[in-house]
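Below you'll find the structure, written out as structure tokens, and then a few comments.
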Amino acid sequence: MKLWEKNIRKVVPYVPGEQPQGSRLIKLNTNENPYPPSPLVIKALTEMDAEAFRKYPDPAASLLTQELARTYGVNQNQVFVGVGSDDVLGMAFLTFFHSEKPILFPDITYSFYPVWADLFRIPYETPALDPDFRIRKEDYFRENGGIIFPNPNAPTGLEMDLDEIRAILQHNPDVVVIIDEAYIDFGAESALPLIEAYDNLLIVQTFSKSRAMAGMRIGFAIGNPDLIKAMSDVKYSYNSYTMNLPSILLGVQAVRDQEYFQETLGKIVRTREETKVWMSELGFSFTDSKTNFLFATHNQVPAEELFEALKREQIYVRYFKQKGLDQYLRITIGTDEEMAVLRRFLERFLKDNGVFSPA
Ligand SMILES: *Cc1c(COP(=O)(O)O)cnc(C)c1O
């Protein structure tokens, strides 16, 4: 072993879902939005002046924080933006989880949390979900160095109601509580109104799912101005210009188009509910997802077998070969056409395997 090798920081990285290439495939594995971004975004992109790229962008991304502040009814100094919510969450871990005591997050949740904790050497504990995959609020009523969980949780899709979130906040006035609301726009209730009462609450959201802009990399946090200032100070100590000019300008347009936003959300929620109906008929059951994905299990066929069969058909869904999750598939809600292809294949596959005979 070379001596320099012992000085290398060794980490086990987060593994995102596959990004297979090709036009024929149906991609339901990373919870992207099946619809294009707002027409306002597309228009602004075609009108963009590349000459502007000569200069550095605004390090505070003020145009975007201003638009978000207006939309969410907060002050501009309560908004932080970053390169996807992964960047925002990473900055939040680095800024707020600086205690000797372990931070807490569920054992089944967004699998990036333990990766950041390891990278930044933050001790952590992971209370188990209950048998119905719900977060038990009481598990978060003990001494800790900070709390983070998604609401709705991923990959379970389950929402925690505001009374339970309030109870967690009441038991934790001395640490920062972060709620990762990556899927909030698909039907769950945001904890945003609670930031007035709880100055230790940070809400994190993303443009990647509900605003159909995963490729642009835009995420944001809203909270008390002191929290936002602390995060900005850390960010300016690491990289001042995280957000490039196109994402600032196009992000503004995406936030402005509330009408298109509501329209596409409505379509996805409708497709989700319709998918639940025909999947039940095929022998699947799932949690009551308030997201743009279903967390589904079949009453006879192992999830891994379905995953492999779907993949051979160029239909990509997410499978976690992990204890507690290995009988489930996480299936992103696509367009009605994509879901129809999924349905036809599943009907045929289950019929061929003798587990389903259509009436
Ligand atoms: C998708 C996702 C994110 C990260 O999204 P970005 O693309 O980085 O904004 C964060 N948390 C959860 C729970 C997610 O599902």
Side-chain angles (χ1 to χ4, degrees), residues 13-19 27-34 37 61 64 68 79-94 97 103 105-117 119 126 129 133 135 147-160 165 177-188 190-191 202-222 231 235 239 242-244 247-248 250-251 254-255 268 272 287 289-295 316-320 322 325 328-333:
Y14 170 73
V15 184
E18 281 179 88
Q19 291 292 357
K27 196 171 173 305
L28 307 175
N29 70 334
T30 52
N31 299 341
E32 287 140 339
N33 195 308
L64 184 53
L68 285 166
V79 184
F80 177 93
V81 292
V83 185
S85 57
D86 285 343
D87 177 44
V88 175
L89 289 164
M91 283 294 149
F93 268 62
L94 197 50
F97 297 158
I103 63 165
F105 51 83
D107 65 338
I108 292 176
T109 192
Y110 188 38
S111 50
F112 221 137
Y113 301 158
V115 176
W116 284 310
L119 178 63
T126 58
L129 298 183
F133 290 115
I135 295 173
I147 292 173
I148 179 162
F149 57 89
N151 192 40
N153 194 12
T156 64
L158 288 170
E159 175 182 20
M160 181 188 277
I165 290 176
V177 176
I178 302 175
I179 304 186
D180 179 354
E181 295 190 337
Y183 299 101
I184 201 73
D185 298 319
F186 299 102
S190 174
L202 190 78
I203 303 293
V204 177
Q205 294 190 11
T206 176
F207 284 42
S208 297
K209 281 96 185 203
S210 56
R211 293 188 200 272
M213 291 176 80
M216 255 295 138
R217 313 303 303 127
I218 306 172
F220 61 97
I222 299 182
M231 269 180 96
K235 171 196 135 150
N239 176 1
T242 52
M243 292 204 78
N244 63 49
S247 38
I248 295 171
L250 301 181
V255 183
I268 292 166
R272 179 185 74 205
T287 56
S289 171
K290 294 289 174 62
T291 65
N292 66 337
F293 59 82
L294 291 181
F295 184 58
Y316 288 80
V317 299
R318 193 86 194 262
Y319 174 67
F320 303 91
Q322 180 190 326
L325 294 180
Y328 283 80
L329 297 175
R330 194 194 67 188
I331 305 171
T332 306
I333 302 301

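Order of listing sets the numbers, starting from 1, for every ligand and every atom in it. The first residue in the sequence is number 1, and the count goes up from there. The model shown is predicted, which means the values in this text are computed figures rather than measured ones.
- Aromatic ring orientation, F186 versus Y183: tilted (interplanar angle from 30° to 60°).
- For ligand 1, the polar-atom distance check finds no N/O of Y113 at less than 3.5 Å from any of the ligand's N/O atoms.
- Looking at atom 5 (O) of ligand 1, its nearest protein heavy atom turns out to be S85 OG, 3.2 Å.
- Atoms of ligand 1 lying under 4.0 Å from at least one heavy atom of G84, given by number and element, are 8 (O), 9 (O).
- A side chain to side chain contact (heavy atoms under 4.5 Å, CB included) with I178 is found for exactly one of I147, L89, V88, namely L89.
- Taking atom 15 (O) of ligand 1 as the reference point, the nearest protein heavy-atom neighbour is Y183 OH, 2.6 Å.
- Considering CZ of F105 and CH2 of W116, their distance stands at 10.5 Å, rounded to 0.5 Å.
- Heavy-atom contacts of S208 reach the following atoms of ligand 1: 6 (P), 7 (O), 9 (O) (cutoff under 4.0 Å).
- In this structure, atom 8 (O) of ligand 1 lies nearest to the protein heavy atom R217 NH2, 2.7 Å.
- Residue, atom and distance of the protein heavy atom nearest to atom 2 (C) of ligand 1 are K209 NZ, 2.3 Å.
- Annotation: atom 11 (N) of ligand 1 to nearest protein heavy atom, D180 OD2, 2.7 Å.
- At distances below 3.5 Å, at least one donor-acceptor pair connects side-chain atoms of R272 with backbone N or O atoms of T291.
- With T109 as the partner, the side-chain hydrogen bond (donor to acceptor under 3.5 Å, both in side chains) test is satisfied by one option alone out of D180, T156, N153: N153.
- Looking only at distances, no side-chain donor or acceptor of R211 sits under 3.5 Å from a matching main-chain atom of T206.
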